[in-house]
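Sequence lines set the chain letters: A, B, ... in the order given, protein chains first and strands last, and positions in each chain run from 1.
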Amino acid sequence: MLRVRFAPSPTGYLHVGSARTFIFNWLYARRHGGTMILRIDDTDVERNTEQSLDSIFEGLKWLDLDWDEQYRQSERLALHQQFAETILAKGLAYRDFTPAVVAVEDAPHGASTWLFNADQREISKEDSDRRAAAGEPFVVRYKVPRDVVEQVKFTDSVYGEQVKSTADIEDFALLRSTGIPTYHLASCADDVDLRISHIIRGQDHLTNTFKHVLIFKAAGYEPPQFAHLPLLIAPDGAKLSKRKHGPVVSVTTYRDAGFLPHAFINFLCLLGWSPKDDRERMTREELKAIFSFEGINRSNAVINFSEAEPFDAKALWLNAETIRTMPVADLSAALAPVLVEAGIECSAGKLAHITPLIQERIRLLKDILTVGDFFFAKELAPYDSAELIPKKGDAAMALKALEKALEALPSIEFSHDGLEAGLRAAAEQLGIKAGQMFEPIRVAVCGRKTAPPLFGTLEALGRDVCLERIDKAIAKLK
RNA sequence: GGCGCUAUCGUCUAACGGUUAGGACAGAGCCCUCUCAAGGCUUAAAUACGGGUUCGAUUCCCGUUAGCGCUACCA
């Protein structure tokens, strides 16, 4: 039975890297008919927050990702402690009564890295039991063999054979002096108890895995299969962090900016994994059908962003592609909440007219607010009257075109084809090029030179608004 | 410092000893066109460096360099 888990620690919002880890786990489970488990790794009581947990759920909900079972580590304390007890009883761990050091910054990374507290390992079982019973605080450490050097091994589905000497592994903690398990212990105990078959997680755990293998074996279990994922890093090469890189590391930022859930998932999948052919855009079903460890890369992937452009160009492109290939009705439905959020009132009927006009012009849902502002504004934003002057024309030509439009529009059928025929005829009557006729009208109606196609725009705006705006433009010219 | 992992266009990646080193995004140019967008075509752009192994290395091995990770009673 294939069982995988996503185990976030609720110490921040849902990170894009975490989201990708969830997706890869999910894809693997769904492809092979396995079970997807969400396990909240909240053993760090100091840093956990409920808000963080909410943001994780919020992010997963937005991405429409589901799971079959859910657990919370803090509710499984007894299990973890028992697990530690088993290892301790076997003599494979020891109590360390050294008082907690007040984190001295220069100690850990210096030349003299400690591997264990030699004296603490030598305390006899009787003494250790007595001191513990007397209430003296201690941490339980794994007792890495020191008399003989062994090679700890495991095979990673992505990184291949991994070997590390026990001489390079320190006596890591299993239980804190508070009795609360450390991540390493809780994680392994739960993986055993939840019968996890495959651990798919970030490469930052690759070296930790040797410790985990030691824990699994000490408790008498075979370790599950491991598959480590390359990390997502920032353009500066550093691991993505909120402090350094800001909100771009949070999944909700993408949601709020107007990314479509699937486009975002698609983007994340392309970071560190490849279908090995030239496919870029893939549906969820396709992804489920072809995802495999063979396609996972071993080098870190840069997610590109800058202050000027906070989102990776590929993500933007994928989102734009998704937007322009989705059914208009679906896009309208996705756009409606964006308008509500911005406090804009727009009937479903009007939105249905506007949507096809902007569909291939927006990259993010929120772009409707800038690309289509003139559809919603009661009053057009101020623009320079010089904008009204067409190419190879002058103010007089602009005026002539607008006046002609004002005269013709009331009797023209307000449909795309009707407007095109009417306006082209009007241009001909004036003896100017069609473009020179259209340009002043576009600016008069949209307030700028770049806008969606004119006829559809006029139609969506309605006759009254068009006439009013043209009238104002004429006044501006005079 | 120790240990581990990684190294192909700016970015994401393909090429599991033999290719003119492919694709995508971003960039540039042209076409289409009522502006913009979309689309079509064209273009520029990479095997970190040094040694091996081999008839032949992007590919295998070693070293250098660089980046990242771990080295907590964080996860």
Side-chain angles (χ1 to χ4, degrees), chain A residues 7-11 41-44 46-47 96 98-101 103 107-115 137-141 156 159 162-165 167-170 172-184 186-187 201-211 228 230-231 233 235 237-239 267 270-281 294 297-304 309 312-318 320 324 357-363 371 390-391 420 423-424 427 433-439 441-443 446 448-455:
Chain A
S9 62
T11 54
D41 279 12
D42 56 350
T43 52
D44 184 359
E46 309 275 303
R47 303 197 303 156
D96 180 349
T98 313
V101 257
H109 304 292
S112 59
T113 310
W114 74 244
L115 288 174
F138 60 85
V139 305
V140 173
R141 290 185 185 283
D156 189 273
Y159 289 89
Q162 299 296 312
V163 184
K164 188 167 182 166
S165 166
D168 295 318
I169 301 175
E170 72 281 7
F172 53 94
L174 262 23
L175 238 36
R176 299 175 168 93
S177 54
T178 52
I180 293 175
T182 61
Y183 159 75
H184 301 302
S187 178
R201 73 213 325 181
Q203 192 242 48
D204 46 346
H205 285 300
L206 192 64
T207 24
N208 285 331
T209 306
F210 295 104
K211 295 175 191 168
H228 286 89
L231 264 23
I233 57 176
K239 193 171 162 179
F267 169 65
L270 257 18
L271 255 22
W273 173 81
S274 159
K276 301 281 184 185
D277 52 28
D278 288 339
R279 269 183 287 185
E280 299 257 42
R281 287 196 58 207
E294 281 69 56
N297 256 339
R298 281 176 289 275
S299 49
N300 294 166
V302 173
I303 168 161
N304 239 325
E309 179 49 78
D312 191 291
K314 195 79 163 237
L316 251 14
W317 173 76
L318 242 14
R324 43 182 180 254
L357 294 171
I358 60 166
Q359 183 159 27
E360 57 186 33
R361 271 161 266 267
I362 58 174
R363 296 184 303 174
V371 171
K391 249 182 288 189
E420 173 154 23
L423 259 18
R424 280 189 191 279
K433 291 186 171 176
Q436 293 174 318
M437 177 80 198
F438 302 157
E439 260 188 87
I441 300 175
R442 173 178 299 111
V443 175
C446 302
R448 72 175 96 92
K449 281 187 163 150
T450 60
L454 188 60
F455 316 120

| message | Around atom CZ of A:R363, are there more than 12 heavy atoms from other residues, nucleotides or ligands closer than 6.0 Å? | response | no

| query | According to the Watson-Crick and G-U wobble definitions, with both distances under 3.5 Å, which nucleotide is paired to B:rG18? | reply | B:rC55

| message | Heavy atoms from C-beta onward define the side chain here; which of B:rG69, B:rG23, B:rU6 lies closest to that of A:L231? | response | B:rG69

| Side chain of A:N297 - closest among B:rC12, B:rU13, B:rG69 | B:rU13

| message | Pairing check on B:rG1: which nucleotide meets the Watson-Crick or G-U wobble criteria with it, both distances under 3.5 Å? | response | B:rU71

| note | Of the listed B:rU11, B:rC3, B:rA75, the closest approach to the A:D168 side chain comes from B:rC3

| message | Measuring only the P atom in each nucleotide, how far is B:rC61 from B:rG69? A whole number of Å is fine. | response | 25 Å

| request: Figure out the CG/P separation between A:D312 and B:rG10, and round it to whole Å. | output: 16 Å

| When the distance from CG of A:L174 to P of B:rA75 is rounded to whole Å, what number comes out? | 12 Å

| field | Spacing of A:I233 atom CD1 relative to B:rC68 atom P, expressed in whole Å | value | 8 Å

| request: Would you classify A:H228 as touching base, sugar-phosphate or nothing, given that sugar-phosphate means primed atoms plus P, OP1 and OP2, and contacts are heavy atoms under 4.0 Å? | output: nothing

| said: If we check side chain to side chain donor-acceptor pair (under 3.5 Å) with A:T209, which of these qualifies: A:H184, A:R201, A:K164? | reply: A:R201

| message | Whole angstroms only, please: what is the CG-C1' distance between A:L270 and B:rA14? | response | 12 Å

| Distance below 4.0 Å between A:T43 side-chain N/O and B:rA75 OP1 or OP2 | yes

| task | Choose from B:rU11, B:rC68, B:rU6 the nucleotide whose nearest atom is closest to any side-chain atom of A:N300. | result | B:rC68

| Choosing from B:rG23, B:rA14, B:rC70, which nucleotide comes nearest the side chain of A:K276? | B:rA14

| query | What nucleic acid atoms does A:E46 come within less than 4.0 Å of, heavy atoms only: base, sugar-phosphate, or nothing? | reply | nothing

| message | Taking only the P atom of each, what is the distance from B:rA21 to B:rA45 in whole angstrom? | response | 13 Å

| message | Rounded at 0.5 Å granularity, tell me how far CG in A:L174 sits from CG in A:D96. | response | 12.0 Å

| task | Check if the side chain of A:R47 and the base of B:rC74 share a donor-acceptor pair of N or O atoms closer than 3.5 Å. | result | yes

| For the side chain of A:D278, counting heavy atoms from C-beta on, which of B:rU11, B:rG4, B:rG23 is nearest? | B:rG23

| request: State, yes or no, whether a side-chain contact exists between A:F172 and A:N208 at a heavy-atom distance under 4.5 Å. | output: no

| request: Take atom CD of A:E294 and atom P of B:rU13, then tell me their distance rounded to the nearest Å. | output: 17 Å

| query | Going from CG on A:L270 to CD on A:E280, what distance comes out if it is rounded to the nearest 0.5 angstrom? | reply | 5.0 Å

| query | On a whole-Å scale, what distance lies between the P atoms belonging to B:rG52 and B:rU59? | reply | 14 Å

| task | May I ask you to say what A:S9 touches in the nucleic acid, namely base, sugar-phosphate or nothing, with a heavy-atom cut-off under 4.0 Å? | result | sugar-phosphate

| query | Partner of B:rA66 by Watson-Crick or G-U wobble geometry, both contacts under 3.5 Å, or none? | reply | B:rU6

| remark: Per-nt protein contacts along nucleotides 29-48 of chain B (heavy atom under 4.0 Å; B base, S backbone sugar-phosphate only, - none) come out as -----BBBBSS---------

| query | When the C1' atoms of B:rU6 and B:rA48 are considered, how many whole Å apart are they? | reply | 12 Å

| task | Between B:rG23 and B:rC62, how far apart are the P atoms? Round to whole Å, please. | result | 33 Å

| remark: Judged by nearest nucleotide, the residue sitting upstream toward the 5' end of RNA chain B, A:A313 or A:S177, is A:A313

| field | Interatomic distance, A:I303 CD1 vs B:rA26 C1' [rounded to whole Å] | value | 15 Å

| Hey, is NZ on A:K433 packed in by over 12 heavy atoms from elsewhere, all under 6.0 Å? | no

| task | Hey, which sits more toward the 5' end of RNA chain B by its nearest nucleotide, A:V163 or A:D41? | result | A:V163

| said: Would the distance check show the side chain of A:E439 and the main-chain N or O of A:K391 forming a donor-acceptor pair, the cut-off being under 3.5 Å? | reply: yes

| request: Round to the nearest Å and state the distance from A:F267 atom CZ to B:rU13 atom P. | output: 10 Å

| query | For B:rC32, which nucleotide is its Watson-Crick or G-U wobble mate, given both distances must be under 3.5 Å? | reply | none

| task | Among the candidates B:rA7, B:rA75, B:rU11, find the nucleotide nearest to the side-chain atoms of A:S299. | result | B:rA7

| Whole-angstrom distance between B:rA44 and B:rC9, as gauged at atom C1' | 10 Å

| message | Of the listed nucleotides (B:rG69, B:rU11, B:rC73), which one gets closest to any side-chain atom of A:V139? | response | B:rC73

| Sugar-phosphate, base or nothing in reach of A:K433, heavy atoms under 4.0 Å | nothing

| said: Regarding A:G272, tell me which of base, sugar-phosphate or nothing describes its non-hydrogen contacts under 4.0 Å with the strands shown. | reply: sugar-phosphate

| field | Under-4.0 Å salt bridge between A:K211 and A:E170 | value | yes

| query | For the side chain of A:E170, counting heavy atoms from C-beta on, which of B:rC3, B:rU71, B:rC70 is nearest? | reply | B:rU71

| task | Mark yes or no for whether A:N297, through its side chain, and A:S299, through its backbone, hold a donor-acceptor pair below 3.5 Å. | result | no

| field | Atom-pair distance (CZ on A:R141; P on B:rU71), nearest Å | value | 13 Å

| Electrostatic pair A:K314-A:D312, nearest N-O below 4.0 angstrom | no

| message | Using the P atom as the point on both nucleotides, what is the distance between B:rU65 and B:rA28, in whole Å? | response | 40 Å

| field | Donor-acceptor pair (no angle test) under 3.5 Å: A:K314 side chain, B:rA24 base | value | yes

| Contact class for A:N208 vs. all strands (heavy atom < 4.0 Å): base, sugar-phosphate, or nothing? | base

| message | Say we look at B:rC41 and B:rC32: how far apart would their P atoms be, to the nearest angstrom? | response | 15 Å

| request: Nearest 0.5 Å please: distance from the CZ atom of A:R298 over to the CG atom of A:N300. | output: 12.5 Å

